[in-house]
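Down below is the structure, laid out as structure tokens.
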Amino acid sequence: MQGSDSQAGLDFVRAIVAEDLETDKWGGRVVTRFPPEPNGYLHIGHAKSICLNFGIAAEFGGTCHLRFDDTNPEKEEQEYVNSIIEDVRWLGWDWGEHLYYGSDYFEQMYEYAVQLAKAGKAYVCDLTAEQIREYRGTLTKRGTDSPYRNRSIEENLDLFERMRKGEFPDGSRTLRAKIDMGHPNLNMRDPVMYRIVHAEHHRTGDKWCIYPMYDWAHGLEDSVEKITHSICTLEFENHRPLYDWFLDELGAYHPQQIEFARLNLTYTVMSKRKLLRLVREGCVGGWDDPRMPTISGMRRRGYSPAAIRQFCTRIGVNKFNSTVDMALLEHCLREDLNKTSPRVMAVLRPLKVVITNYPEGQSEELDAVNNPEDAEAGTRKVPFSRELYIEREDFMEEPPKKFFRLAPGREVRLRYAYFVTCTNVVKDEAGNITELHCTYDPATRGGDAPDGRKVKATLHWVSAAHALEAEVRLYDNLFTEENPDEAGEGEDFVSNLNPNSLETVSARVEPSLAAAKPLGRYQFERLGYFCADAESSKEKLIFNRTVTLRDEWVKIQKGQTHKP
RNA sequence: UGGGGAAUAGUGUAACGGCAGCACAAAUGACUCUGGAUCAUUUAGUCAAGGUUCGAAUCCUUGUUCCCCAGCCA
């Protein structure tokens, strides 16, 4: 093993898989699985697990199963199943024929339980939930045997069968593994295998009124599917001895479990419980709110599957808890979007500009490059006329040092159009700037001066008469704190919600955007990446800001205000 | 002395007894019809203390800190 370099550069999970392949531990097979519980929407943390499991299968010539771990009818819904299937597929992964449901194995699990009971390794217990907790002991104190622990095998078999038949009310009895109430690992103190719940299951309906506990079900699901590497998160490390015990007692196929650290990201929360709360309390518009770290939210925000996949490989895999900087996610996003997004011009906060020496009623079409990063993307026409809109923040009446954009008397370039010089500032009675008057230099058509003179800034713009109105939603971090859980006394993460995480503006966009399809991604030049909202239409254009462009000017401004 | 896991720049990771490397972030400069992109440069790290060794992030000892476990949730 030491001599082998096949593991160099691999993360520790892949290193194990590579070594197992080398030693032929599984007869050349690599079978992984992504086993979500359909009780919520998938988030970026799940993407890490999805990319790990499907990625390993793809890299090592194996297969990866998508399996719903649906053993708790009270929390699971078909809606979640549907969203999970959509999200995994959207991320670009394919499970082929291997779509499974834990509930499909209920009968087999039941038979396995009977086998254990027959071996005297499981018993029906009449203790209440509260009593079970008391009998379990504590972290430092051993537990006490249940008074029902030594029932006869016949009685256990009879009672368990009657549990299944529905003869007993919810919570009245459980089937427990007979292990060791003095075990230092609490999971080994006669864990519950089945509980009685008369609830309708989203797939099995009312066929069952006893449901397997996760610890009992999960290992069996992996075993039945002949998984080779059961990759899960750190908190299940303590459960591994229990899975081992079950599988060994049963003499069943035994996958290898490998635990890795779940993903944490700055400025957001990552547990289904907390995300559910944000949805239920109306802090966001729903599971797919573009501010949510859910896959569906990120999709609606304008993230590309490639960006998310790239992020998942960049963060690596490890066994210790860490918090990844949101900036890395945004870096991966920009990296992909820069290469793939067509550029367009849009003005978020319009300031009217009149080109006083441009003939009234005249207009022309100018050529604009669709994507300077992609020659194949070609060019398009953008209309130019006497009245335009530019970005309000691209003009300053009294420009500070290093402000290169438009100012009185200053010449700048309108992208792909002309050089213009500001000649007059029009204000209303309150002194607010309402309009700018400029002159243009006809010789600079297309954006270059034949005399070779330079300008320090290039501005984006739209023609007032041709521009389309659009609602643009400017998103920012959902939370103001890097770690939202760090809240004051008596408060929790909700108190760290960013009140400015969404600002809606009425923008003017170039006419080509009339063809924008829902979820279509664009770069609004000089502003950022934007995506047509899922509900955007020709009648009402809506764009979501995915992420801003990196902005040197913002940094300069910050520097100027910090050191006056 | 309950059990289990883990510690490498600000952040995320690599190095498998042999020059502590990469990326993000930050900073500086070049270039630019996006203050974008791109390119170059810089800042910054082995939890601590001992030990083994020619040589230790890596092996050993002791300690410190952090995470997980007391659901009939997963």
Side-chain angles (χ1 to χ4, degrees), chain A residues 1-2 4-5 7-9 11 15 35-37 39 69 71-72 74-76 125 127-129 132-134 136-143 170-176 183-189 191-197 210-211 213-215 217-218 233-241 259 261 266 272-273 314-332 334-335 338-339 343 345 369 372-373 402-405 413-417 419 446-448 454-460 482 523-528 548-556:
Chain A
M1 161 180 165
Q2 259 73 18
S4 140
D5 59 355
Q7 296 153 34
D11 61 64
E37 183 193 12
N39 69 341
D69 207 341
T71 55
N72 184 355
E74 293 180 308
K75 290 187 178 172
E76 296 150 6
C125 182
L127 254 26
T128 64
I132 284 181
R133 192 183 334 123
E134 284 162 7
R136 184 156 33 224
T138 68
L139 294 177
T140 52
K141 224 177 1 205
R142 56 168 296 141
D170 287 3
S172 60
R173 288 183 221 265
T174 57
L175 182 75
R176 292 227 257 165
H183 200 108
N185 182 341
L186 268 52
N187 296 127
M188 302 295 274
R189 318 241 262 228
V192 172
M193 295 164 60
Y194 278 92
R195 75 280 210 185
I196 302 174
V197 184
I210 56 171
Y211 289 92
M213 295 291 292
Y214 175 87
D215 280 340
H218 198 84
T233 44
L234 249 29
E235 68 270 27
F236 295 108
E237 207 150 19
N238 293 329
H239 298 241
R240 178 147 42 91
E259 306 86 4
T266 56
K272 278 198 250 182
R273 204 199 93 245
R314 295 277 279 265
I315 56 177
V317 188
N318 236 318
K319 273 187 89 88
F320 47 90
N321 298 301
S322 58
T323 302
V324 177
D325 200 330
M326 179 66 87
L328 180 61
L329 213 208
E330 295 186 341
H331 167 80
C332 295
R334 292 189 182 105
E335 190 176 48
N338 176 50
K339 285 181 297 192
R343 320 277 126 133
M345 291 199 283
V369 174
E373 303 290 324
K402 292 194 179 170
F403 181 86
F404 303 143
R405 281 110 97 144
R413 170 168 39 232
L414 294 181
R415 188 141 161 96
Y416 300 126
F419 283 15
D448 282 305
K454 302 279 185 200
V455 287
K456 294 204 84 170
T458 299
L459 271 38
H460 61 276
E482 273 200 19
Q523 183 197 100
F524 287 3
E525 294 229 23
R526 302 209 306 134
L527 297 172
T548 61
L549 248 25
R550 289 186 66 225
D551 192 344
E552 285 293 320
W553 172 237
V554 165
K555 287 181 193 169
I556 293 167

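Labels below follow one simple rule: chain letters A, B, ... track the order of the sequence lines, proteins then strands, and each chain is numbered from 1.
The residue M188(A) sits apart from the nucleic acid: no heavy atom pair falls under 4.0 Å. Nucleic acid contact for T128(A): base, since at least one base atom lies under 4.0 Å from a heavy atom of the residue. When heavy atoms are screened at a 4.0 angstrom cut-off, R405(A) is found touching base atoms of the nucleic acid. Among the atoms of the strands shown, none is found under 4.0 Å from any heavy atom of E259(A).
Both L186(A) and R314(A) sit near RNA chain B, but only R314(A) has its closest nucleotide nearer the 5' end. Nearest-nucleotide positions on RNA chain B place A327(A) closer to the 5' end than the other of K456(A) and A327(A).
When both distances must be under 3.5 Å, the Watson-Crick or G-U wobble mate of A44(B) does not exist. Base pairing of U53(B) is not made with any nucleotide, judged by Watson-Crick or G-U wobble geometry with both donor-acceptor distances under 3.5 Å. Look at G12(B): its Watson-Crick or wobble partner, with both distances under 3.5 angstrom, is C22(B). As the counterpart of A6(B), U65(B) is assigned, both hydrogen-bonding distances of the Watson-Crick or G-U wobble pattern falling under 3.5 Å.
By the stacking rule of 5.5 Å between ring centres and under 30° between planes, F320(A) does not stack on the base of A6(B).
With a glycosidic angle no more than 90° from 0, G71(B) adopts the syn conformation.
A salt bridge is defined here as a Lys NZ or Arg NE, NH1 or NH2 lying under 4.0 Å from an Asp or Glu carboxylate O, and R240(A) with E259(A) meets this definition.
Spacing between G45(B) and U13(B) at atom C1', rounded to whole Å, works out to 12 Å. Taking the C1' atoms as reference points, A20(B) lies 25 Å from U61(B), given to the whole Å.
In this structure, R413(A) contributes its side chain and G447(A) its backbone to a donor-acceptor pair below 3.5 Å.
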